[in-house]
Amino acid sequence: MKITLPDNSLRELPEGSSGYDLAKDIGPGLAKSAVAVTINGIQKDLHDVIEGDVSASIITIDSDEGIEIMRHTLTAQVLARAVKNIYPNSKLAIGPTIEDGFYYDVETEEAISIDDLKKIEDEMIKIVKTKSSITKKLVSKEEALKIFKSQKETYKESIIDESEQISDFQLYYQDDKKFVDLCRGPHLPNLSFVGAFKLTKVSGAYWKGDSKNKMLTRIYGTAWKNEKELNKYLTTLDEAQKRDHRKLGKEMNLFHFQDEAPGMVFWHPDGWTIYRNLRNFVRKRLQDNDYIEVNTPQVIDRKLWEASGHWDKYRENMFITEIDEEHANEKRVNALKPMNCPGHVQIYNQGIKSYKDLPLKYAEFGLCHRYEPSGTMHGLMRVRAFTQDDGHIFCTEDQIESETGLFIEFLSNIYADLGFKDFDIKLSTRPEMRVGSDKTWDKSEKALEDAIKNLGYPYRIDEGDGAFYGPKLDFVLTDAIGREWQCGTFQLDFNLAERLDAQYVGEDGKKHYPVMIHRAVLGSFERFIGILIENYSGKLPFWLAPQQVVIASIISDVNDYSIEIMEQLKKEGIRAEVDLRNEKISYKIREHSSKKVPIIIAIGKSEKSEKTVSIRRIGSSETEILELNEALKQIKKENILVST
RNA sequence: GCUCAUAUAGCUCAGCGGUAGAGCACUUGCUUGGUAAGUAAGAGGUCACCGGUUCAAGUCCGGUUAUGAGCUCCA
């Protein structure tokens, strides 16, 4: 048979040859590191017999694909077996690979905790040490069912049962044939290819990812080619932990949470300074882009939420308030607003609007409350009370495309100024839970997709992830360590205006419903500040930093000069403080460095007598001596992004 | 909301049936010291909350609340 290799060269092999034979034919080195083979684009076990003329490439243990196969074998053949050895009555569910590692879902009689991982890991090492080869057996559906039924592997049974396949179920064995796993493969030809691995955590996970199903125990692990790679990965994990905004927020004294208000931020002075700086920045940009800032009530009667559709579709996430009957004349049920849109429509509805008023753009730094499930809260990233940089564009259908373009440009400028150069666009389509007719959804999905297509931005589609009132574009930015955050959103809504009876008089003199576009750039200030802290490891850009400059005196004789510098800086609008404490300069440097103050100015005898300053910047141990006036000029220039 | 874990001084944590501990931070004294921790002393705790077991409970057991890691959600 003829085999085409990736470089388009042809190789002739006898019938019945396998991927391994092919590798051997190409070279002994390749045969040694081969773990699987790709036949016509599909990964196969190395010892599968190749049928017919095909294109093929050998997967070696050194490749990304090879590592993934190794992870797969580790979970399905090694972790699963180790768990069965230690917990004979456990039942295996599924064990896929994930980024950097793998997991296996199992049902066990006794709970497995993080402390048990060592034990399981040791058992895995024992299994790997056998260096057993891994062999495959193909069986019919009945036979597969029989085997797993006899082993009481109910999850495997149901996987087979629900499969449309009728034959060729793949069973994988090790040399002793004492363990069998159902798997789509491919697997390593033998366990000697296993590199360095470590079980990392254990948690619950629903069978088939459905919260109605039983909760299984999920054991996570990570695996790499060798110890060095493993350690590198573990170090990066540590690095990510070091920039955790919850930890930095505490160290920098920015905010706290407490039991009485779960998911709601207590902003400390420095944290609130960051918040205000960011808000001023966004406010300026909104002003420059034809948005009009408004403000709407926090607590609104349920009638409005019924009319808007929130009561029906969003009730379980809303904080409901009732007025104490003893003191109130009338009983009404109110809700804390989870969104600003109905409020904005109320403003729109005051007075008659003409097509000449469109597009009309209302913006609000609206404080919204949403009752998030208890298990989902996470520092600033997921809270129950947050402020959106929200806005609603009332426009005609014809204006959708130009507004989409304007918004993307607006958003990308803001992201760039905040230090995020890259973002992806996601188009989310109709969800199951929604308002509006399918006809309206067809129209709005098409309008949005046409707009983004015509503007030429790349995007990907996320089926069923739209808002209940309309399809949306989501903007996902990438931070300094490659993590992705969904922040901006642009949501088309052909429903709400009609539900709340918002209209405009068209050129034809008749009344029409405007299209509403719900849009945000940062999403929520709380979350975005969390992202900024993690992105910058707390070392915020100069204009955002709560304390921008600290002037630290070396001896008390220079206190007057230090204060003079502070006052001059303050005159320029710089947030400057002096540190005149009776402490050594290194002590002061250490303290302000750990608070991530961007600039520390040390002042001693020579600076005072020469009217200079010694500048030290965060992240560097270099110092720079400058004339005071020159330093003031420079620092003022750095503060340029402060816009108001 | 679900699974597992955690809750001790302002922070980070030790203690795991028998009189509450450390380091840092804080206060005070000494120290005026040139770029990431000078020094000594002092003060600081209903051991998250409610209940149970026990002669005796931060310590063991149950519940509640919050937090953490995941899962499910994130309009």
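Each chain gets a letter, A, B and so on, in the order its sequence line appears, and its residues count up from 1. Since this is a predicted model, take the numbers as computed values, not measurements.
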Could you work out the separation of [N] and [M] based on their [atom1] atoms and round it to a whole Å?
N     : M     : atom1 : answer
B/U53 : B/U12 : P     : 35 Å
B/A7  : B/C16 : P     : 13 Å
B/G70 : B/C55 : P     : 45 Å
B/G1  : B/U64 : P     : 11 Å
B/A25 : B/U39 : P     : 10 Å
B/C13 : B/G58 : C1'   : 14 Å
B/A43 : B/C24 : C1'   : 16 Å
B/A5  : B/G45 : P     : 32 Å

Proximal nucleotide (of [options]) relative to the [X] side chain:
X        : options             : result
A/Ser211 : B/U72, B/C74, B/A36 : B/U72
A/Lys201 : B/C2, B/G38, B/A69  : B/A69
A/Met215 : B/C71, B/C2, B/G38  : B/C2
A/Tyr371 : B/G1, B/A36, B/C71  : B/G1
A/Tyr587 : B/A25, B/U35, B/C71 : B/A25

Short side-chain donor-acceptor distance under 3.5 Å, A/Ser428 and A/Asp462
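A/Asp462 vs A/Ser428: no donor-acceptor pair found between side chains.
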Using only heavy-atom distances, determine whether the side chains of A/Tyr87 and A/Glu109 contain a donor-acceptor pair under 3.5 Å.
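No, A/Glu109 and A/Tyr87 have no side-chain donor paired with an acceptor closer than 3.5 Å.
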Pick from A/Leu248, A/Ile529, A/Asp270: which one makes a side chain to side chain contact (heavy atoms under 4.5 Å, CB included) with A/Leu254?
A/Asp270
Report the residue from A/Leu380, A/Thr387, A/Leu477, A/Asn535 that forms a side chain to side chain contact (heavy atoms under 4.5 Å, CB included) with A/Phe528.
A/Leu477
Kindly indicate, with the supporting measurements, whether the criterion side chain to side chain contact (heavy atoms under 4.5 Å, CB included) is fulfilled by A/Leu628 and A/Thr612.
CA-CA 5 Å; A/Leu628 175 57; A/Thr612 57; over 6 Å; no
Report which part of the nucleic acid [X] touches: base, sugar-phosphate, or nothing (heavy-atom distance under 4.0 Å, all strands).
X        : result
A/Pro338 : base
A/Lys214 : nothing
A/Glu107 : nothing
A/Ser553 : nothing
A/Tyr103 : nothing
A/Tyr206 : base
A/Ser586 : sugar-phosphate
A/Ile114 : nothing
A/His592 : nothing

Rounded to whole angstrom units, what separation is found between the [atom1] atom of [X] and the [atom2] atom of [N]?
X        : N     : atom1 : atom2 : answer
A/Glu591 : B/C24 : CD    : P     : 14 Å
A/Lys426 : B/C74 : NZ    : C1'   : 10 Å
A/His378 : B/G1  : NE2   : C1'   : 19 Å
A/Ile112 : B/A69 : CD1   : C1'   : 16 Å
A/Lys595 : B/U35 : NZ    : P     : 22 Å
A/Met381 : B/A69 : CE    : P     : 11 Å
A/Lys584 : B/U32 : NZ    : C1'   : 10 Å
A/Gln388 : B/C74 : CD    : P     : 16 Å

What N/O pairs connect the protein and nucleotides 7-14 of chain B at under 3.5 Å? Give each pair on its own line.
{"residue": "B/U12", "atom": "OP1", "partner": "A/Lys250", "partner atom": "NZ", "Å": "3.1"}

What is the base-pairing partner of [N], counting Watson-Crick and G-U wobble geometry with both distances under 3.5 Å?
N     : answer
B/U27 : B/A41
B/U32 : none
B/U65 : B/A7

If you go through the side-chain atoms of [X], does one of them form a donor-acceptor pair with the base of [N] closer than 3.5 Å?
X        : N     : result
A/Arg616 : B/A36 : yes
A/Glu316 : B/G1  : no
A/Ser556 : B/U32 : yes
A/Arg382 : B/C74 : yes
A/Ser614 : B/U35 : yes

Pairs under 3.5 angstrom only: tabulate donor-acceptor contacts from the side chains of residues 591-599 of chain A to other protein residues two or more places apart or in another chain.
{"residue": "A/Glu591", "atom": "OE2", "partner": "A/Arg581", "partner atom": "NH1", "Å": "3.3"}
{"residue": "A/Glu591", "atom": "OE2", "partner": "A/Arg581", "partner atom": "NH2", "Å": "3.0"}
{"residue": "A/His592", "atom": "NE2", "partner": "A/Asp579", "partner atom": "OD2", "Å": "2.7"}
{"residue": "A/Ser593", "atom": "OG", "partner": "A/Ile589", "partner atom": "O", "Å": "2.7"}
{"residue": "A/Ser594", "atom": "OG", "partner": "A/Arg590", "partner atom": "O", "Å": "3.4"}
{"residue": "A/Ser594", "atom": "OG", "partner": "A/Glu591", "partner atom": "O", "Å": "2.9"}

Listed pairs, N/O of protein and of nucleotides 59-67 of chain B, under 3.5 Å:
{"residue": "B/A66", "atom": "O2'", "partner": "A/Asp259", "partner atom": "OD1", "Å": "2.9"}

Chi angles and distances behind the salt bridge (Lys or Arg N to Asp or Glu O under 4.0 Å) call for A/Arg483, A/Glu534:
CA-CA 10 Å; A/Arg483 292 174 304 181; A/Glu534 302 205 353; 3.0 Å; yes
Are [X] and [Y] near enough that their ring centres are under 6.0 Å apart?
X        : Y        : answer
A/Phe365 : A/Phe525 : yes
A/His392 : A/Tyr362 : no
A/Phe468 : A/His310 : yes
A/Phe197 : A/Trp224 : no

Is the base of B/G38 syn or anti, where syn means the angle lies within 90° of 0?
anti
Test: A/Glu610 and A/Lys605 ion pair at under 4.0 Å:
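A salt bridge is absent here (no side-chain N lies under 4.0 Å from a carboxylate O).
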Using heavy-atom distances to pick each residue's nearest nucleotide on RNA chain B, tell me which of A/Arg218 and A/Ile618 is more 5'.
A/Ile618
Straight-line distance of A/Arg218 CZ to A/Ile94 CD1, nearest 0.5 Å
6.5 Å
